[in-house]
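What you are looking at is a predicted structure, and each value in this text was computed from that prediction instead of being measured.
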Amino acid sequence: MIDVKNITKSFGSLQVLKGIDLHIEKGEVVSIVGPSGAGKTTLLQIIGTLDTPDNGTVSIDGIDTTTLSKKKLAEFRNRHIGFVFQFHQLLPEFTAVENIMIPAFIAGKSPKEARRRAEELIQFMGLVGRAQHKPNELSGGEKQRIAVARALVNNPAVILADEPSGSLDSKNKEELHQLFFELRDRFGQTFVIVTHDENLAALTDKTIHLKDGMIVDNVLTELNKEEASV
């Protein structure tokens with residue numbers, strides 16, 4: 001579903017990624033871990049088409065994104081990729097449901113269709129009573145669940161998350177992690193998550209270890225290793 005082949009990336013004389021090869025199946029929850037400066041966020045941004053590699057290719061659902069024009073790339077990103085950031089990035093002047101609707105508007109959906117989908121998602125998140133609240137009226141956990149709903153509104157092929165629970169307390173962190181796996185189990189949603197959270201990484205289907213711009217390990221979690229051996 002996602003194929004990354006021989007990706008390299010440099011900033012000036014600093015080579016951040018040094019030939020990354022990676023395959024992710026549909027419906028997998030994959031974590032990318034490693035020390036600061038390992039290239040995790042750069043890799044996530046390249047997979048998400050927010051940055052371009054110096055060399056190599058990124059294919060999502062059989063489409064080589066490195067061959068697309070800027071206009072086609074923007075359209076592809078909006079329709080096929082959802083993003084969740086450490087800080088929710090909700091627009092403060094809009095309500096929760098309006099924030100969820102924004103990517104649908106960009107995709108050209110009608111207000112009726114966008115609202116219907118947003119209301120479905122906000123119900124799934126258990127936040128119907130917060131739909132008309134603005135971000136400053138929501139808790140940190142609620143904001144991040146709204147951000148996840150926004151990422152889902154266009155039914156993307158993959159959701160890319162950069163330290164999504166990094167700003168949350170323990171309770172909200174656990175609830176957010178559970179949400180990712182519920183979305184995977186119920187809808188086959190694919191997630192690629194950059195994280196420093198060892199507990200989250202241990203739960204994912206696959207953990208990719210980056211160090212000095214290279215994959216040094218690409219393993220199934222212990223739970224999935226046991227399942228695979230049965």
ask   = Hey, quick one: are Val97 and Leu91 part of the same hydrophobic cluster, counting side-chain heavy atoms closer than 4.5 Å, chains of contacts allowed?
value = no

inquiry  = Is there a continuous path of hydrophobic side-chain contacts, each under 4.5 Å between heavy atoms, that joins Ile106 to Phe94?
reply    = yes

ask   = Is the backbone of Phe85 close enough, under 3.5 Å, to the side chain of Gln144 for a donor and an acceptor to pair up by distance?
value = yes

message = Under a 3.5 Å distance rule, please check whether Arg77 uses its side chain to pair with a backbone N or O of Thr49 as donor and acceptor.
response = yes

note = Between Leu160 and Gly48 the two heavy atoms that sit nearest each other are CD1-CA, 3.2 Å

query = Considering only heavy atoms from C-beta outward, does the side chain of Leu152 approach that of Met125 to under 4.5 Å?
reply = yes

key: Electrostatic pair Glu120:Arg117 at N-O distance under 4.0 angstrom   = yes

ask   = Just wondering, are more than 12 heavy atoms of other shown residues or ligands nearer than 6.0 Å to NZ in Lys5?
value = no

key: Any donor-acceptor pair under 3.5 Å from Lys9 side chain to Thr52 backbone   = yes

task = Determine, stepwise, if the pair Asp162 / Thr41 fulfils side-chain hydrogen bond (donor to acceptor under 3.5 Å, both in side chains).
result = CA-CA 7 Å; Asp162 194 354; Thr41 295; 3.2 Å; yes

key: Residue of the set Gln178, His177, Lys173, Lys171 for which side-chain hydrogen bond (donor to acceptor under 3.5 Å, both in side chains) holds with Glu175   = Lys171

ask   = If every non-hydrogen atom of Ala104 is compared with every non-hydrogen atom of Val153, which pair is closest and at what distance?
value = N-CG1, 3.9 Å

message = Grouping I, L, V, M, F, W and Y whenever their side-chain heavy atoms are under 4.5 Å apart, do Val33 and Val29 come out in a common cluster?
response = no

task = Starting from the C-alpha separation in whole Å, work towards a yes-or-no answer on side-chain hydrogen bond (donor to acceptor under 3.5 Å, both in side chains) for Thr207 and Ser31.
result = CA-CA 5 Å; Thr207 302; Ser31 56; 3.2 Å; yes

inquiry  = I need the Glu98 CD to Leu90 CG distance, nearest 0.5 Å.
reply    = 12.0 Å

key: Pro164 to Leu176 - nearest heavy-atom pair and separation   = O-CD2, 3.5 Å

ask   = From Lys18 NZ over to Thr8 OG1, what is the distance, rounded to the nearest 0.5 angstrom?
value = 11.5 Å

ask   = Taking C-beta and beyond as the side chain, do Ile102 and Arg150 meet within less than 4.5 Å on heavy atoms?
value = no

ask   = Lys40 side chain to Gly34 main-chain N or O, any donor-acceptor pair under 3.5 Å?
value = yes

key: Glu182 atom CD, over 12 foreign heavy atoms within 6.0 Å   = yes

ask   = Would you say Asn78's side chain and Pro103's backbone share a donor-acceptor pair under 3.5 angstrom?
value = yes

request  = Could you tell me whether the side chain of Thr95 and the main chain of Lys134 form a donor-acceptor pair under 3.5 Å?
outcome  = no

inquiry  = If you compare all heavy atoms of Gly27 against all heavy atoms of Thr190, which two are closest, and at what distance to 0.1 Å?
reply    = N-OG1, 2.8 Å

task = Would you give the length of the straight line joining atom CD1 of Ile20 to atom CD1 of Ile46, rounded to the nearest 0.5 angstrom?
result = 9.0 Å

inquiry  = A side-chain contact here means heavy atoms from C-beta on lying under 4.5 Å apart; do Val30 and Asp205 qualify?
reply    = no

ask   = Which pair of heavy atoms, one from Gly56 and one from Pro53, lies closest together, and at what distance?
value = O-CG, 4.1 Å

query = Is the number of heavy atoms from other residues, nucleotides or ligands under 6.0 Å of Glu174 CD greater than 12?
reply = no

